[in-house]
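Comments concern the structure below.
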Number of protein chains: 2
Amino acid sequence: MNADSTKSWQAVQAEVLRRIRDREWKPGELVPHEAELARELGCSRTTVNRALRAVAEDGLLERRRRAGTRVALHPVRKARLDIPVIRVEIENRGLAYSYSLISRAEELPPPAVRARLQSPPDHKMLHVLGLHLAAGRPYALEDRWIDPDAVPEAREADFSRISPNEWLVLNVPFGGGDIAFSAVEAGPDEAEALDCAPGAALFVTERTTWRGSRMLTTVQLLFAPRYRLHTRI
Amino acid sequence: MNADSTKSWQAVQAEVLRRIRDREWKPGELVPHEAELARELGCSRTTVNRALRAVAEDGLLERRRRAGTRVALHPVRKARLDIPVIRVEIENRGLAYSYSLISRAEELPPPAVRARLQSPPDHKMLHVLGLHLAAGRPYALEDRWIDPDAVPEAREADFSRISPNEWLVLNVPFGGGDIAFSAVEAGPDEAEALDCAPGAALFVTERTTWRGSRMLTTVQLLFAPRYRLHTRI
DNA sequence: CTTGCAAATATGTGTGCACTTAATAACGAA
DNA sequence: TTCGTTATTAAGTGCACACATATTTGCAAG
């Protein structure tokens with residue numbers, strides 16, 4: 001047990017956070033450089049580096065080579081959002097998950113989708129509509145478009161038992177992605193599927209994923225009213 | 001210049017990601033241990049560790065001591081959300097920011113707020129309502145409650161020129177926090193403040209911040225219609 | 001067959017060192 | 001004065017080594 005000469009990087013991090021909190025290091029101010037801190041805290045520079053890097057990743061410090069490390073003036077807090085597969089999300093709440101396919105077709109996407117997927121005007125896409133249910137009640141409506149050229153196996157996939165959401169995670173190697181959250185009013189169809197009043201405010205997440213520069217799929221997830229996306233900072 | 005015997009941890013990370021993408025390492029599968037990878041890739045274990053740790057932080061690998069490192073079966077993607085001060089958020093979009101105070105009072109919070117702040121039934125709180133504007137148009141309505149016992153300086157603060165949002169970031173040492181995103185229908189007052197139709201779907205973020213175990217403040221931010229919170233994965 | 005303890009092992013972390021890279025400052029020439 | 005070059009400096013990264021810690025495995029005692 002490293003009585004006291006050894007400080008773990010977490011201990012250093014805690015000390016750094018304390019100094020920021022207690023305004024020992026003021027916002028915008030330059031903090032001692034790594035070597036200096038290492039000497040002062042009785043640990044190696046590597047350890048100090050690890051700690052400072054972690055704090056900087058949370059947005060409380062800003063680091064630039066040569067310029068040194070300074071306390072962030074406008075701390076842009078970095079929250080981490082977990083984006084699980086919907087089935088897992090529901091099961092984690094201890095609810096029974098089920099899923100039902102509403103429709104599946106190969107058709108021309110609307111302009112908005114075409115723009116997101118950067119596809120040529122007359123390129124047909126796989127369009128899958130499905131409903132995720134938690135404990136038998138509508139949870140989220142999945143409105144997905146898949147580029148069958150980029151994901152040929154999708155043509156064979158059976159989306160009646162497994163949602164595109166989960167099928168894609170399992171079968172398509174991940175790539176980059178883009179997520180947006182917003183709110184929309186429920187249209188008549190959506191209201192019926194989600195069993196809510198038309199015009200109700202729905203939480204929406206829209207995701208577009210690609211691999212390399214190839215767009216793969218875009219999805220709109222409409223959550224039933226009272227859904228909350230939750231995280232800690 | 002380290003021609004090729006030295007691999008940077010980013011290079012190792014890229015190689016690891018490639019192997020996961022190309023299914024050389026299949027989901028759920030155990031990957032070679034650090035020392036083995038180090039030998040294979042011709043770098044030190046430290047470097048491999050750095051790379052694997054980074055990938056694990058993104059949720060694509062799961063690591064446990066002794067048990068080894070395995071490819072995540074249900075990759076829970078970790079998105080990072082930046083939560084800037086609203087003024088900065090607006091200015092970053094190249095728009096002119098302004099702010100106007102709507103009301104400020106010390107009063108009894110409604111039950112929902114009391115629950116969030118875990119305050120006793122008859123404890124009065126500082127209640128500040130303000131509107132953030134971008135290019136002169138309503139952007140977000142800030143409905144904030146501050147515990148004046150936990151943040152005594154707030155009583156003296158001038159929230160007519162600087163929003164509580166920004167004042168708190170500048171004056172109150174950060175602490176833990178809790179963020180939730182959802183959607184609500186605009187009520188009559190909110191519709192008027194945000195210059196939208198009553199019943200319009202609004203994107204909401206609710207934040208509660210504390211220091212230690214002391215609740216400091218809770219805020220509801222109602223964004224004008226068409227607001228989108230956006231991030232990459 | 002179960003329980004408990006010890007050995008083995010993979011990751012986690014710390015240290016000291018060296019070298020690289022980027023940003024600034026200092027300096028000198030046009 | 002202004003521009004470009006060079007020196008300096010602090011962070012970024014890599015390596016070899018050692019020890020810490022968690023977890024599994026296997027063996028032995030009950």
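Keep in mind that this is a model prediction, so the values were computed, not measured. Sequence lines set the chain letters: A, B, ... in the order given, protein chains first and strands last, and positions in each chain run from 1. Computed from heavy atoms alone, side chains included, the values below leave out hydrogens, waters and symmetry copies.
Along DNA chain D, the nucleotide nearest B/Ser44 and the nucleotide nearest A/Ala35 are compared for position; the residue whose nucleotide lies closer to the 5' end is A/Ala35.
Salt-bridge annotation for B/Glu62 and B/Arg53: absent, with no side-chain N of the basic residue lying under 4.0 Å from a carboxylate O of the acidic one. Residues B/Glu34 and B/Arg63 are paired through a salt bridge, judged by an N-O separation under 4.0 Å between the basic side chain and the carboxylate.
In B/Arg137, the CZ atom is not crowded: 12 or fewer heavy atoms of neighbouring residues, nucleotides or ligands sit closer than 6.0 Å. Atom CZ of B/Arg226 sits in a sparse spot, with 12 or fewer heavy atoms from other residues, nucleotides or ligands closer than 6.0 Å.
Looking at the side chain of B/Thr46, the nearest of the listed nucleotides D/dA16, D/dA11, C/dT15 is D/dA16.
When the P atom of D/dT13 is taken as reference, atom CG of A/Leu52 falls 13 Å away, rounded to whole Å. Atom-to-atom, CD of A/Gln13 to P of C/dT13 comes out at 11 Å; the value is rounded to the nearest Å. Atom P of nucleotide C/dT24 and atom CG of A/Leu30 are separated by 11 Å, given to the nearest angstrom. For B/Glu36 and C/dA10, the CD to C1' distance is 13 Å, given to the nearest whole Å. Separating the CG atom of A/Leu37 from the C1' atom of D/dA10 is a distance of 12 Å, rounded to the nearest angstrom. In this structure, B/Asn49 places its CG atom 14 Å from C1' of D/dT13, rounding to the nearest Å. Straight-line distance from the NE2 atom of B/His33 to the P atom of D/dT24: 17 Å, rounded to whole Å. Distance, B/Glu62 CD to D/dT23 P: 14 Å, rounded to whole Å.
Applying the side-chain hydrogen bond (donor to acceptor under 3.5 Å, both in side chains) test to B/Gln118 and every residue at least two apart in sequence or in another chain returns nothing. Residues satisfying the side-chain hydrogen bond (donor to acceptor under 3.5 Å, both in side chains) criterion with A/Glu57, sequence neighbours excluded, are absent altogether.
Regarding contacts with the backbone of D/dG14, a side-chain N or O of B/Ser8 is found under 4.0 angstrom from either OP1 or OP2. Proximity of A/Gln10 to the phosphate of C/dG12: no side-chain N or O atom is located under 4.0 Å from OP1 or OP2. Dashed line: the shortest gap from a side-chain N or O of B/Arg50 to OP1 or OP2 of D/dT13 is under 4.0 Å. OP1 or OP2 of C/dT15 has at least one side-chain nitrogen or oxygen of A/Thr47 nearer than 4.0 Å.
Across residues 64-78 of chain A, A/Arg64, A/Arg65, A/Arg66, A/Gly68, A/Thr69 each have a non-hydrogen atom less than 4.0 Å from an atom of DNA chain D (numbered order).
The aromatic ring centres of B/Tyr139 and B/Tyr227 sit less than 6.0 Å apart.
Within 3.5 Å, no donor on the side chain of B/Arg45 pairs with an acceptor on the base of D/dG14, nor the reverse. Side-chain to base pairing of B/Arg53 with C/dT13: no donor and acceptor N or O lie closer than 3.5 Å to each other.
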